[in-house]
There are 2 protein chains.
Amino acid sequence: MRVTIRDVASKVGVSPMTVSRVINASPRVSDETRRRVQGAIAELGYVPNRLASGLTRRTTRAFGVIVPDVGNPFFTLVVRGAEEAAWRAGYHVILCNTQADLERERGYIEDMLAFQVDGLLVAAVSDQSQPHLKLLTRNGVPFVLIDRSVAGFKTDLVQGDSVSGARQLVQHLIGLGHRRIAMITESDEVSTARDRLQGYREALEAAEIAFLPELVVETSTVDPRLACQATLDLLDLAETPTALFAVNNIAVIGVAEAARARSLEIPRDIAVVCFDEVDYASRFHPFLTVMSQPAETFGTIATQLLLDRLAGRVAERRRVVVLPADLVVRESCGAQLPVS
Amino acid sequence: MRVTIRDVASKVGVSPMTVSRVINASPRVSDETRRRVQGAIAELGYVPNRLASGLTRRTTRAFGVIVPDVGNPFFTLVVRGAEEAAWRAGYHVILCNTQADLERERGYIEDMLAFQVDGLLVAAVSDQSQPHLKLLTRNGVPFVLIDRSVAGFKTDLVQGDSVSGARQLVQHLIGLGHRRIAMITESDEVSTARDRLQGYREALEAAEIAFLPELVVETSTVDPRLACQATLDLLDLAETPTALFAVNNIAVIGVAEAARARSLEIPRDIAVVCFDEVDYASRFHPFLTVMSQPAETFGTIATQLLLDRLAGRVAERRRVVVLPADLVVRESCGAQLPVS
DNA sequence: GCCAGTTGCGTTACCGATACCACAAATGCA
DNA sequence: TGCATTTGTGGTATCGGTAACGCAACTGGC
C-alpha cells in the first residue's frame, strides 16, 4: 500500500539507487533523469521511509523534546523556540508530554531512544528522573536539560535564575511594606522549586525577617487545585499573610481562585506575585506581577547546544546557560504604578 | 555506541532471535533463559530499535497528532485526551504543532509518513490542507480529522456543534436585550469559523435582527493581537455594538484587551461571549461566558475511531461524531446570576 | 587516437530487528 | 519402547533505504 522507492524506480525505469540520489540531491544524476524521477515522486506521493534510511545512515535528523506540560504557557513557548531553531537547522522535533508523570517520562524517553532520535531536550519531572536519563547516556544519545537541573547529572543545561528571581520578587514585596509573606511551592525534588525557596529565604534574611515554616506550603505537584487548597490553608492561619509568592504561573491560578473564594481582592486584601508569565491570562484581571522568563529563548538556546553536540563542535565539558528573568510589575503586588 | 540486540545476545550467549522473543513476550523461551536475557537488557540499558522492528513488522504502534497550536487550551486538552486513550491501547503519540502554518503542516505530515506512523489525528489548518491530506490517502495511512472538517474530504471526523453553539450564544445575548451584536471571526476557510458565523446569522434571523456586514470582522488568522485590532475597529464605528461574540478562546483575549484599552468595562459597557473555555484564564476576571466544548473527549473519541480503523474493525463508511457544546454563563455576558 | 578523468547509473552488502522454517531434545501417550 | 508432539533455540531471508564500489560511455588534452 505504502509507496516505496522501488515503486518510483520501476515507474521511471531506473534503479532504486538513482531515485535515492535524487532524493538526497546528489549531483551525479542527469537533469533529464532527475526531472523524471521527481515527476514520479510527486505523482505517486512518495515519501521516503525514514525507518529505513535511519537504519543505514546513523541519523534521523530528528530530536525529541520532553516537557511535563505543554499546556503550561512557559513550556509552550520553550517548545516553540526549540521547534523554530530545529526547523531552521533542518531537524524535526518530536514533542512528548509527560504530564509530570515519571512513568510516562520513562516511557517517552525509551520511545525516543527506540525511534533513534539524534538527541533530546528534556525538562525533567524531578530529580527522580535520573534513572531514565541514565538510559540516554548509556546509549550515547546527547541531551540538554531545560529549566530544571537533575541532581547528580552533569550535562548541558539551560535554566533561569530562580534564586535571584525569587529573591527579587520577595524583595519587591518587602519594599512595599510586607513582612508576612507566604510561599506556595512544589516538591523540593524539582530544582526550580528548591532554588526559588532559597531565593525567598535569602530575601527574608536580608531584610531580617524571620523565616516561618508555616508560611511555606508545599504541594506534591504543581496544580491549580492543590495550590488553591494550599492557599486556603494559609488564609485559615490565625495570623494570615499579607502577601503571597507562588512558585510559578500554574500555582498562581489556584491562589487567585482561593482569594476569590474567600472574597479577598487582589491586591487590596492580599498581594500576589509569581514566577513566569501567565501568557493570555496575564492580560486579565488580576494583572499579575511576575518574574518573566524568556521562555522561547530557553528553547532556542537549548537547541543550539544540542545541535553543537550533534555536529561534533563540542566544548567537551558541560555547558550551563543561565538566562536572567525580568521583574514585570503589574497590579497584583499592590505597587502604585505611574500613570502611563 | 548504541546497544543492539546482538550485544544483548552475545552477552548472554544466545542468538538474537531468542532475545527478540523475550522482548516480545513470546512464550517459547525457558524461564531460565528469559531471566538471563532480561538481566542483560537491564544491565546494558538496551532499548529495541524501532526503526528496525518497524521495518519488518508493518507497524510502529505510534500515531501522530497534528494541531495548529498546542498552546491553545482547547487543543492542549484534545491532545491530552488522545494521549490518554492511545497510551491505554499501547500506542504512542507523536505531537506536531503547525502554528497554523500550511508549510509546516505539510512538513509534519510528510514526517509522520516518513516515520511510518500507523495513523494520524489532524486538526487541519484550513480547507487548504487538502493537498497534504491527499498524501495520506495515497499512502494508505488512516487518519481522523478533529475539530475542523476539510472541504472535499470524506474521512472520519470528530467535531463540535459550531452552528448550534454559536446560535445559542447569540440567542443568549439577544435574550439579554442586545440587538447590535458584533462578531470577531477568522478566515472562512476554517470550517468552525464558517459554521459559527452561520449560527450567528441564524440567531439574528430568528430574532428578526438585520445582519449587518460591518459588524462582522474577519482576521486572517486567530491571534489576540489581530482580534484586539479588529475589536478596536468595531469600537470606532459610529454606532458601536453593545455585545461581542468572539469566534474562540484566543480571539476573546484580544477582545478583552481592546475593551481595556478603551477603558470599557465588561459587561457593564459591553457584553462578551466566546466559543471554548479559556482554561486558566476563565478563572480570572472578566469571568467569561463561553460555549464550552468537551475538548478532552474530542481527543479520546478521535483516537477510538482511529484505533478501530487500525484494528480493521471498520465501519466501511466514514463516521462523523458531533459533540455537543455547553453554554456556561458567567459574568461577561451581563446576565444576572443567581446568588450561589 | 590514446589514456586519464569525469559522468551517470547499477550491483552488492548491510543497518537491526523479526517471520518463517528447521531441528534437536524433551515430553507424552499407547 | 516407539512414535507423535511439544518445547526451546538457531539460521536465513527480508523490510526500504544507502554506502561503497564497479563500470560502461563520454569528455578532453596532447
Side-chain angles (χ1 to χ4, degrees), chain A residues 1-38 40-41 44-62 110-111 113-118 139-141, chain B residues 1-38 40-41 44-62 110-111 113-118 139-141:
Chain A
M1 195 69 200
R2 225 106 148 176
V3 183
T4 77
I5 201 171
R6 265 168 264 272
D7 297 327
V8 178
S10 71
K11 184 176 174 76
V12 180
V14 296
S15 78
M17 203 49 231
T18 299
V19 178
S20 174
R21 278 190 265 257
V22 171
I23 296 165
N24 297 293
S26 155
R28 319 235 110 169
V29 182
S30 71
D31 289 346
E32 162 66 8
T33 307
R34 182 184 310 279
R35 246 193 313 278
R36 285 173 51 222
V37 169
Q38 280 166 340
I41 287 175
L44 295 175
Y46 167 67
V47 176
N49 183 335
R50 219 193 280 259
L51 302 190
S53 72
L55 254 190
T56 50
R57 315 210 237 230
R58 312 291 219 34
T59 161
T60 49
R61 292 195 77 74
E110 285 191 0
D111 268 20
L113 227 33
F115 273 115
Q116 309 293 109
V117 293
D118 293 345
N139 281 271
V141 175
Chain B
M1 195 71 200
R2 224 105 150 179
V3 183
T4 77
I5 201 170
R6 264 169 268 270
D7 297 328
V8 178
S10 71
K11 183 175 174 78
V12 179
V14 295
S15 77
M17 205 45 235
T18 299
V19 178
S20 174
R21 277 189 267 256
V22 171
I23 296 165
N24 297 292
S26 153
R28 317 235 113 163
V29 182
S30 71
D31 289 346
E32 162 66 7
T33 307
R34 181 186 311 279
R35 246 193 315 278
R36 286 173 49 223
V37 169
Q38 281 165 341
I41 287 175
L44 295 175
Y46 166 67
V47 176
N49 183 331
R50 219 195 281 258
L51 302 190
S53 74
L55 253 191
T56 48
R57 316 210 240 228
R58 314 284 222 38
T59 161
T60 48
R61 292 196 77 76
E110 285 190 0
D111 268 19
L113 227 33
F115 273 115
Q116 309 294 109
V117 294
D118 293 347
N139 281 272
V141 175

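All chains are named by letter (A, B, ...) in the order of the sequence lines, taking the proteins before the strands, and each is independently numbered beginning at 1.
- The two residues A:Arg57 and A:Asn24 come nearest to each other via the heavy atoms NH2-OD1, 2.7 Å.
- Side-chain to base pairing of A:Arg21 with C:dG10: one donor and one acceptor N or O lie within less than 3.5 Å of each other.
- Scanning for side chain to side chain contact (heavy atoms under 4.5 Å, CB included) contacts around B:Ser10 gives an empty result, with sequence neighbours left out.
- Take the nearest nucleotide of DNA chain C for B:Asn24 and for A:Arg58: the residue whose nucleotide is more 5' is A:Arg58.
- Considering every non-hydrogen atom in both B:Arg6 and B:Pro16, the closest pair reads CG-CG, 3.9 Å.
- In this structure, A:Val14 reaches the sugar-phosphate backbone alone: every heavy-atom distance under 4.0 Å involves primed, P, OP1 or OP2 atoms, never a base.
- Nucleic acid contact class of B:Pro48 (heavy atoms, under 4.0 Å, all strands): sugar-phosphate only.
- Minimum atom distance to the side chain of A:Met17 is reached by D:dA20, of the listed C:dT18, D:dA20, D:dG10.
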Is there a side chain to side chain contact (heavy atoms under 4.5 Å, CB included) between B:Gln116 and A:Arg2 once you walk through the steps?
CA-CA 9 Å; B:Gln116 309 294 109; A:Arg2 225 106 148 176; 3.4 Å; yes
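- In this model, the phosphate group of D:dG17 is not approached by any side-chain N or O of A:Ser53 to a distance below 4.0 Å at OP1 or OP2.
- Using a 4.0 Å heavy-atom criterion, one finds that A:Arg28 contacts the bases of the nucleic acid, with or without backbone contacts as well.
- As rounded to whole Å, 10 Å separates atom P of D:dG16 from atom OH of A:Tyr46.
- For the pair B:Asp31 CG and D:dG8 P, the interatomic distance rounds to 8 Å; values are reported in whole Å.
- Which of D:dT9, C:dG10, C:dA17 sits closest to the side chain of B:Ser30 comes down to D:dT9.
- Among the protein residues, B:Arg50 comes within range of no part of the nucleic acid, since none of its heavy atoms lies under 4.0 Å from any strand.
- A:Ile5 places its CD1 atom 12 Å from the P atom of C:dG10, with the value rounded to the nearest Å.
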